Amino acid sequence: MAGKGNDKRGGKITTREQDYPQWYQDIIREGDLAEPAKVVKGCMVIKPHGYAVWEKIQRDLDGRFKATGHKNAYFPLLVPQSFITKEAEHVEGFAPELAVVTHAGGQKLEEPYVVRPTSETIIGHFFAKWIDSHRDLPMLVNQWANVMRWELRTRMFLRTTEFLWQEGHTAHANHAEAKEEVRRMLDTYGEFCEEILAMPVVRGVKTESEKFAGAVQSQCIEALMQDGKALQAGTSHDLGQNFGRAFDVRFQNEGGELEYVWQTSWGVSTRLIGGLIMTHSDDDGLILPPRVAPIHAVIVPIFKNDEQRAAVMEAAVRIKTALQRVDIANDDSPYRDFLAVEVDDRDMRPGAKYYEWERKGVPMRIELGPRDLEKGQVCVKMRLGTAAGEGKEFLPEEEFISGVRTRLRTFQDALLERARARLADQTVTLDDWEQFKSTFKGDKSQFAWCHWDGTAETEAKIKEETKVTIRCIPLPGQGPAAEDGTCIFSGKPSKGRVLMAKAY
RNA sequence: CGGGGUGUGGCGCAGUUUGGUAGCGCGCCUGCUUUGGGAGCAGGAAGCCGAAGGUUCGAAUCCUUUCACCCCGACCA
């Protein structure tokens, strides 16, 4: 029964209604995803179960990057301090949050190194060495790495001092091509979030004040969390020729003239795991979509004596073996996604195991005891009642095995549908400032499409008064159709609605 | 950086006001009984109380210094 596990043994999960941020922390702890490092400020330890989720994210995204022509590379963790200062806006944006290495090998360094907060600068340096001709373009590289930003306030997965991410860096011969790349990768992220994380997103463009330090334009995907706040889940930047100029990345075009390259960069981080948690999980613990679940199914054997134990374990292993041959990847996927199955034969009461695996977000549980063996059936329980199944189901073993791929894929779809329904439900169109203020009163938040006069002043004032920020200016098809109107705050003319919400 | 808080077995805490040589719950180990929604009993291991200095016959407790981490605000994936 849902909700019964709280206030009993095995760790407490605060309800979302009581205290949403505390619930979030509890889910991470009880789901065994991560813990604060404590001994290193603002950092976290990603535990095996959490890291396995990241590995699944990596595997899928990496395939998508390669399918769009990118190759992986790796650049140094340390960046000469002077590199950071070469692009004016970039320094200004990142200077306050840099960690700097001043000593090494027992000596003071001639020039300090900064621990990369992002790698545009050092990659710019190498692009300059590698690119001479239009024939070297486009240069399409991606790096899986850790970066460090000395943030003042941290939250596990959402904002930690050190975090894991992927940063794509590309150089092109003209702006149009670079812009295409920016949008291509944004769409790659959007599709990934929906297909794999079952997390719907809104695609848009950042305002001037929210864009990446050093970019001409930043595009983003924004997801809606259960508490109504927005999570920037990924970004794709048009860097124009800014870094090309700063690092002298020039190529000879077809006409023989020297020209600066047009660059892009794009990234998603372990923050996606935070988004995953706040999109699907409930008061009983983590809920993982099958496509990112490190364990898809747990088989809990039930027996009273050694004889029963032997018979049940034999059946458990048989079922596990059959399930491990099932692949839930898309038909056109570049990789196979075979089911990961665990037989939990620890000496514990079955009930204790059920609660534990529910907290860890395993999508499907199979209970197997003497009664099932007699009837040739299995007892199946999904982590959440959906179209994929509700309550405990008793199915003939063969039928269960042959239907399991559909079952898990239906479960995945149901999670996406549920998230989409919540997004639709918590998105409003507002035209009245008083209504706006009451919508965002106190800690309240949701997605609101509002007219904005396009000025940074208005944007800043809205933020100051309500903590609400402009999440993005929607790309075509991502919000209400463009229409003339008046700014919700200033009453001045507006050409279209923008997405507003409080953000993580 | 401003405000608040906390450092005591693995985890969560009590003990500090009123100094007397460390305790509780959970977890862990061993054994027996259990096992279809969080097991019971019995036995056991584990901490010189964040660090340094001081007061005292005696300090987790009082004084000084210091370090670290957490939470709340301003910056950010």
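Quantities reported herein were computed from a predicted structural model and do not represent experimental measurements. Only heavy atoms go into these numbers, but all of them, side chains included; no hydrogens, no water, no symmetry mates. Within every chain, numbering begins at 1; the chains are lettered A, B, ... in the order of the sequence lines, protein sequences first and strands thereafter.
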Using whole Å, what does the distance between atom [atom2] of nucleotide [N] and atom [atom1] of [X] come to?
{"X": "A:E151", "N": "B:C70", "atom1": "CD", "atom2": "P", "result": "14 Å"}
{"X": "A:E89", "N": "B:C76", "atom1": "CD", "atom2": "C1'", "result": "16 Å"}
{"X": "A:R159", "N": "B:C72", "atom1": "CZ", "atom2": "P", "result": "11 Å"}
{"X": "A:R349", "N": "B:A39", "atom1": "CZ", "atom2": "P", "result": "5 Å"}
{"X": "A:E35", "N": "B:C69", "atom1": "CD", "atom2": "P", "result": "15 Å"}
{"X": "A:L368", "N": "B:U35", "atom1": "CG", "atom2": "C1'", "result": "14 Å"}
{"X": "A:I46", "N": "B:A77", "atom1": "CD1", "atom2": "P", "result": "18 Å"}
{"X": "A:D443", "N": "B:G73", "atom1": "CG", "atom2": "C1'", "result": "13 Å"}

Can you check the distance between [N] and [M], where both ends of the measurement are the [atom1] atom (answer in whole Å)?
{"N": "B:A42", "M": "B:C26", "atom1": "P", "value": "12 Å"}
{"N": "B:G50", "M": "B:G9", "atom1": "C1'", "value": "15 Å"}
{"N": "B:C63", "M": "B:A59", "atom1": "P", "value": "16 Å"}
{"N": "B:G5", "M": "B:C24", "atom1": "P", "value": "30 Å"}
{"N": "B:G12", "M": "B:A22", "atom1": "P", "value": "23 Å"}
{"N": "B:C48", "M": "B:A52", "atom1": "P", "value": "12 Å"}
{"N": "B:U6", "M": "B:A14", "atom1": "C1'", "value": "15 Å"}
{"N": "B:G15", "M": "B:C62", "atom1": "C1'", "value": "16 Å"}

What is the base-pairing partner of [N], counting Watson-Crick and G-U wobble geometry with both distances under 3.5 Å?
{"N": "B:U6", "result": "B:A68"}
{"N": "B:U61", "result": "none"}
{"N": "B:G27", "result": "none"}
{"N": "B:U18", "result": "none"}
{"N": "B:U56", "result": "none"}
{"N": "B:C1", "result": "B:G73"}

Given side-chain contact (heavy atoms from CB on, under 4.5 Å), test A:D344 with A:W357 step by step and report yes or no.
CA-CA 10 Å; A:D344 186 355; A:W357 292 112; 2.7 Å; yes
Side-chain donor-acceptor contact under 3.5 Å, A:E367 with A:Y354:
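Yes.
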For A:E92 and A:H90, does a side-chain donor sit closer than 3.5 Å to a side-chain acceptor?
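Distance-only check fails for A:E92 and A:H90.
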Is the distance from OP1 or OP2 of B:C71 to the nearest side-chain N or O of A:Q25 less than 4.0 Å?
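The answer is yes; a side-chain N or O of A:Q25 sits under 4.0 Å from OP1 or OP2.
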Under 4.0 angstrom, heavy atoms only, what part of the nucleic acid is [X] near: base, sugar-phosphate, or nothing?
{"X": "A:F303", "result": "base"}
{"X": "A:G42", "result": "sugar-phosphate"}
{"X": "A:S218", "result": "nothing"}
{"X": "A:R365", "result": "base"}
{"X": "A:L272", "result": "nothing"}

Does A:W165 stack onto the base of B:A77, taking stacking as ring centres under 5.5 Å apart and planes under 30° apart?
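Given the distance and angle limits, no, they do not stack.
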With the six-membered base ring of B:G38 as reference, does the ring of A:Y355 sit under 5.5 Å away with planes under 30° apart?
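Yes; centroid distance and tilt both under limits.
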On a plain distance test, is the side chain of [X] in donor-acceptor contact with the base of [N] below 3.5 Å?
{"X": "A:K381", "N": "B:G37", "result": "yes"}
{"X": "A:E358", "N": "B:G38", "result": "no"}
{"X": "A:K392", "N": "B:G37", "result": "yes"}

Hey, which sits more toward the 5' end of RNA chain B by its nearest nucleotide, A:P36 or A:G369?
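Going by which nucleotide is closer to the 5' end, it is A:G369.
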Identify, between A:P21 and A:G351, the residue whose nearest nucleotide on RNA chain B lies closer to the 5' end.
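Its nucleotide being nearer the 5' end, the pick is A:G351.
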Salt bridge or not between A:D238 and A:K179? Use side-chain N to carboxylate O under 4.0 Å.
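Salt bridge: no.
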Lys/Arg-Asp/Glu bridge criterion (N-O < 4.0 Å) met for A:R16, A:D283
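Yes, charged N to carboxylate O under 4.0 Å.
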Looking at the side chain of [X], which of [options] is the nearest nucleotide?
{"X": "A:D347", "options": "B:U35, B:A77, B:C76", "result": "B:U35"}
{"X": "A:P350", "options": "B:G36, B:C76, B:A74", "result": "B:G36"}
{"X": "A:I302", "options": "B:G37, B:C76, B:U35", "result": "B:U35"}

Does A:E314, at its CD atom, have more than 12 non-hydrogen atoms belonging to other residues, nucleotides or ligands within less than 6.0 Å?
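No, CD of A:E314 has 12 or fewer neighbouring heavy atoms, counting only those of other groups under 6.0 Å.
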To the nearest 0.5 Å, what is the distance between CZ on A:R183 and CG on A:L475?
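That separation rounds to 4.5 Å.
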Take the angle between the ring planes of A:F65 and A:Y189 and call it parallel below 30°, perpendicular above 60°, tilted in between.
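Aromatic pair A:F65/A:Y189 classed perpendicular.
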